[in-house]
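Notes follow once the structure below has been shown.
In what follows, every heavy atom counts, from backbone to side chain, and hydrogens, waters and symmetry copies are set aside. Order of the sequence lines sets the chain letters (A, B, ...), proteins ahead of strands, with each chain counted from 1.
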Amino acid sequence: MADEKELFRVRLDKRHSLEEAGVDPYPTRFDRDTTASEVHDQFDELVAEERSVSIAGRLMTIRRMGKASFANVKDRSGVIQIYMKLDFVGEEAYKIWKKIEAGDLIGVRGTPFRTRAGEISLQVSGFELLAKSLRPLPEKWHGLRDKETRYRQRYVDLIVNPEVLQVFERRARLVTTIRKYLDDRGFLEVETPVLQPLYGGASARPFTTHHNALNMKLYLRIADELYLKRLIAGGCERVYEISKDFRNEGIDKTHNPEFTQMELYEAFSDYNDMMRIVEEMMREIALELHGTTSITFAGRTNDLAEPWKRLSFVDALSESIGRDVMEMTNKELRAECDQRNIDLPDHSSNGMILAELFDHLVEPGILDPTFVIDFPKEISPLAKERRDRPGVVERFEPYLCGMEIGNAFSELNDPIEQRKRFEAQVALRGPEGEEAQQLDEDYIRALEYGMPPTGGLGIGIDRISMVFTDQQSIRDVILFPLLRPEQASPGGSEE
RNA sequence: GGGCCGUUAGCUCAGUCGGUAGAGCACCUGCCUUUUAAGCAGGCUGUCGCAGGUUCGAUCCCUGCACGGCUCACCA
C-alpha cells in the first residue's frame with residue numbers, strides 16, 4: 001500500500017474522485033491578489049480593513065482534526081498557514097478538501113487572523129485545486145538531502161529546501177548589480193556568436209558540432225573575447241557580454257563544462273583600469289547582497305573596502321624557487337618540477353612550466369583578495385607586453401577567497417605582433433593540439449584596421465556566485481549542473 | 001584516470017559477527033472544530049544500486065560494473 005507505485009496510484013485515485021466531484025485537477029488560472037509574505041508584512045492593515053485576500057501555492061503539510069484543519073501553503077515569497085473549518089467553507093467544500101493532499105497546488109481565499117499560539121494565518125472561505133500532484137513530497141522535516149537527487153531533480157530540491165532558492169535569488173541579484181554597474185558607465189551589452197568556426201580567447205578544448213546546411217564544423221565558444229574586441233575595433237568603445245562559455249574539460253568543485261562569464265572591453269583603458277573596475281564591482285556586489293563590504297567564504301572573512309593586494313607572478317615564483325625564473329632554461333625549469341614530483345606534458349614550453357610551478361608553489365597561499373600580475377608573455381598571447389619589463393605582460397588574474405575568478409589584460413592591438421603570437425601558439429600545439437589557440441585571420445584583419453588601446457576583463461559569474469553565497473561547490477550555484485545520465489543508455493558506452 | 005567513502009521503503013536513516021530487514025516521516029482506516037515535526041488507535045510499504053562468484057544459504061564476504069560524494073591527477 002505504500003511503495004512508490006501504490007503511492008502514485010492512491011494519488012491518481014484521489015484525482016479521479018475529485019474529477020467525479022466536478023473538480024478540474026488542472027484548471028487554467030487563478031487570480032491571487034497577494035503572497036504569503038505580504039500577508040505577514042501587511043497583517044495589521046489587512047485585519048483593520050477586514051480584508052479578504054487570495055493566495056496561491058503548494059500545500060506543504062496538513063494537520064487535520066476532523067472538522068477543521070490547519071495547513072501550510074508555500075509560494076515563492078514564503079509560507080502562510082491556512083485554517084480550513086467546515087463551518088466556514090461548507091460541507092461540500094470540506095468534502096473536497098479531504099481529497100486534497102500535501103504537494104497539491106491550491107488557490108485560497110480567506111481573511112487573515114492570529115491563532116491562539118499567535119501565528120498569522122488565513123481563515124479560509126474558499127479554495128480551488130490548481131494542480132494535482134501525483135508524487136509524494138520528501139520528508140517534511142529533513143527535506144531532500146541526497147545530493148544526486150537534488151541536482152537531478154532540482155524542482156524537488158527547490159520545493160523542499162528553501163535555502164536553495166535564496167542562493168539563486170542572490171545569484172540573480174549579483175548579475176543585476178553587474179549589469180547596472182556597467183550600464184551606468186556607458187557599457188553596451190551585446191551578444192556575440194556561441195557557434196564559432198574558430199575558437200579562441202582562451203586555452204581549452206572545445207565542444208564541436210556540425211552545421212548541416214552549410215556542411216561545416218563549428219565549435220561552441222570557449223570565450224567571447226575575439227568577437228568583443230572586433231566590436232572595439234568597430235568603435236563601440238565600451239562593450240560587455242554576460243553569457244555561457246563551453247569548455248570540454250573535467251568537472252570538479254570549481255568547473256562545469258558550461259559556465260557563465262562576464263567579459264567587458266573598454267577602449268583607451270589598460271589593465272590598471274580593469275583592476276579598479278574589479279575592486280569597485282566586487283565591493284558593490286557585496287554591499288548590494290550583504291549590506292557590508294565584509295564577506296565570509298568557507299569560514300574566512302575578507303573586507304572588500306580595502307584595495308586588493310598585487311602579487312607579481314614571476315617575482316613570487318622566483319622567490320619561491322630562489323632564482324630568477326625568467327633567466328632559467330627549459331631544462332632547469334623541468335628539473336624544478338621533477339624535484340617536486342610535478343608531472344609535465346613532453347612539449348611544455350617555459351611559460352607552461354612556469355604556470356605549472358605557480359599553481360603548485362604560489363597559488364595555494366593566495367587567500368586575500370589579490371591581483372596576480374606579471375604573467376609570462378608566452379602563455380598570454382592576447383596581452384600587451386610590459387614596456388618596462390620584457391618577457392611579462394600587462395595581465396592580471398583576480399583571486400577572491402582563494403579562487404581564481406577572472407582574467408584581464410591590456411589588450412594586444414598590434415596586428416603584426418598578434419600574428420607572431422598566434423603563430424607561436426600554433427607551433428606550441430601538442431600532438432592533439434586542441435588547447436592551443438587557432439590563428440584567427442579575420443581577427444587580425446580587424447586589428448589591421450586599428451583597435452584602440454583597450455583594457456579587457458573576464459569574470460567567472462559562477463565562481464563569484466559561490467563567493468557571495470558561501471557555497472563551496474559550483475554545482476550549488478548552477479541550477480542544473482552536468483551529471484552523467486541517470487540510467488546508462490543501452491549501447492551508449494563506447495568509451 | 002587513481003584513491004577513499006556511499007547506494008537499504010516515496011523521503012531521512014538504523015541494521016544484519018552470512019539465516020532475505022527496521023524506525024521516524026509520508027501513505028491507508030478510524031477518532032478529533034486553534035493545530036504547527038498536531039495527537040491517539042490500528043494498518044500497508046522493500047529486486048537492501050546492478051551483474052557474477054564463494055556458500056546449504058548473500059542485503060551482509062569477494063570480483064566486476066553503474067551512479068554519486070570527497071580527494072589527487074588532468075586541464076595556462
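When Watson-Crick and G-U wobble pairs are counted only if both distances are under 3.5 Å, B/G24 pairs with B/C11. Across all strands shown, B/G69 is found opposite B/C4 as a Watson-Crick or G-U wobble partner, with both distances under 3.5 Å. When both distances must be under 3.5 Å, the Watson-Crick or G-U wobble mate of B/G64 is B/C50. Shown here, B/U59 forms no base pair; nothing in the strands shown gives a Watson-Crick or G-U wobble contact with both key distances under 3.5 Å.
Residue A/Y155 contributes atom OH, which lies 12 Å from atom P of B/C11 at whole-angstrom precision. Distance CG (A/N256) to P (B/G68): 13 Å, rounded to an integer number of Å. What separates NZ of A/K253 from P of B/G68 is a distance of 17 Å, to the nearest Å. B/U29 atom C1' lies 15 Å from atom CD of A/E101, rounded to whole Å. Regarding A/D146, its CG atom lies at a distance of 11 Å from the P atom of B/G68, rounded to whole Å.
Between A/F375 and A/F313, the ring planes are tilted. Angles from 30° to 60° get that label. Classification of the A/W308-A/F371 ring pair by plane angle, with boundaries at 30° and 60°, yields parallel.
Comparing atom distances between the A/K67 side chain and each of B/A73, B/U35, B/C32 picks out B/C32 as nearest. In the set B/C27, B/U34, B/G10, B/U34 carries the atom at the smallest distance from any side-chain atom of A/T115. With B/U34, B/C74, B/G10 as the choices, the nucleotide that has an atom nearest any side-chain atom of A/F70 turns out to be B/U34. Nearest to the side chain of A/P138, among B/C11, B/U34, B/U36, sits B/C11. Across B/U34, B/C75, B/C27, the shortest atom-to-atom separation from the side chain of A/E356 is found for B/C75. Checked against B/G46, B/A26, B/C74, the side chain of A/L7 finds its nearest nucleotide in B/A26. Nearest nucleotide to the A/R484 side chain, out of B/U34, B/U36, B/C67: B/C67.
Remark: the A/Q81 side chain and the B/U35 base include a donor-acceptor N/O pair separated by less than 3.5 Å. With hydrogens and angles ignored, no donor-acceptor pair under 3.5 angstrom links the side chain of A/E6 to the base of B/U45.
Ion pairing of A/K384 with A/D414 is absent here, as no side-chain N (NZ or NE/NH1/NH2) approaches a carboxylate O to less than 4.0 Å.
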Derivation and outcome, side-chain contact (heavy atoms from CB on, under 4.5 Å), residues A/I55 and A/V39: CA-CA 9 Å; A/I55 58 145; A/V39 175; 4.2 Å; yes
